[in-house]
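Note sheet for the following structure.
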Amino acid sequence: SQEVVDYVGRLRKDGVVPDEAAEALVREAVRRWRRNEVVVDDTTAVVIYLDFEEKAGGGGEKRSMKRFFAGKRGAATDKPAQVMDDGKLVPFNPKNDFGPSN
């Protein structure tokens with residue numbers, strides 16, 4: 001969720017390395033779960049920091065990853081896809097995806 005992204009983003013800005021950020025995220029998730037439940041389910045997190053810069057238009061201007069993906073709503077990647085061994089994407093329909101209901 002966006003809340004998790006924001007939480008981990010703050011940790012990254014504070015210089016926390018990914019494995020420590022994952023541990024902090026799990027601790028926070030368990031803390032919140034315990035506020036509402038007696039039993040806490042297994043909780044796992046993997047944190048990877050992505051650094052992405054692209055030179056746009058040959059003018060030397062760099063775009064952030066957020067700006068790179070902005071405005072691409074409705075693209076084919078919005079639907080589930082399977083990545084094949086050769087890197088190609090093929091449509092994938094999960095068993096629980098019955099399409100639009102009538």
Side-chain angles (χ1 to χ4, degrees):
S1 75
Q2 187 62 49
E3 186 176 1
V4 171
V5 172
D6 295 341
Y7 180 83
V8 172
R10 285 190 300 274
L11 294 173
R12 182 178 186 183
K13 286 179 183 176
D14 290 342
V16 177
V17 294
D19 60 335
E20 292 173 1
E23 289 177 18
L25 179 60
V26 168
R27 280 192 307 272
E28 178 65 14
V30 169
R31 184 185 69 76
R32 290 183 183 199
W33 198 321
R34 286 190 174 145
R35 280 192 299 193
N36 301 311
E37 302 287 335
V38 175
V39 177
V40 176
D41 200 0
D42 293 339
T43 305
T44 304
V46 176
V47 173
I48 301 171
Y49 296 152
L50 300 175
D51 292 316
F52 177 87
E53 293 180 340
E54 176 188 329
K55 291 185 178 182
E61 175 188 339
K62 293 182 178 179
R63 298 189 301 172
S64 70
M65 186 178 290
K66 189 173 185 178
R67 285 185 56 212
F68 178 77
F69 287 105
K72 293 194 174 187
R73 301 280 186 243
T77 57
D78 285 347
K79 294 187 177 188
Q82 181 177 0
V83 181
M84 305 306 290
D85 290 337
D86 61 2
K88 292 182 182 176
L89 295 176
V90 295
F92 174 75
N93 292 317
K95 291 181 182 179
N96 64 345
D97 184 8
F98 300 108
S101 58
N102 295 330

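Listed by first and then second residue, the side-chain hydrogen bond (donor to acceptor under 3.5 Å, both in side chains) pairs involving residues 22-35 are Glu3-Arg32, Glu28-Arg31, Glu28-Arg32 (not counting sequence neighbours). The list of salt bridge (Lys or Arg N to Asp or Glu O under 4.0 Å) pairs with a residue in residues 8-21, not counting sequence neighbours, reads Arg12-Asp51.
Each of Val17 and Val8 belongs to its own hydrophobic cluster when Ile, Leu, Val, Met, Phe, Trp and Tyr are linked at side-chain heavy-atom distances under 4.5 angstrom.
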Residues 39-50, side-chain donor-acceptor partners within the protein, below 3.5 Å, at least two apart:
| from | atom 1 | to | atom 2 | distance (Å) |
| --- | --- | --- | --- | --- |
| Thr43 | OG1 | Asp41 | O | 3.2 |
| Tyr49 | OH | Val16 | O | 2.7 |

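Listed by chain and number, the residues in a side chain to side chain donor-acceptor pair (under 3.5 Å) with Asp6 are Gln2 (sequence neighbours excluded). Taking the side chain to side chain donor-acceptor pair (under 3.5 Å) definition, one finds that Glu37 meets it with nothing, sequence neighbours left out.
Grouping Ile, Leu, Val, Met, Phe, Trp and Tyr by side-chain contacts under 4.5 Å, direct or through others, leaves Val5 on its own.
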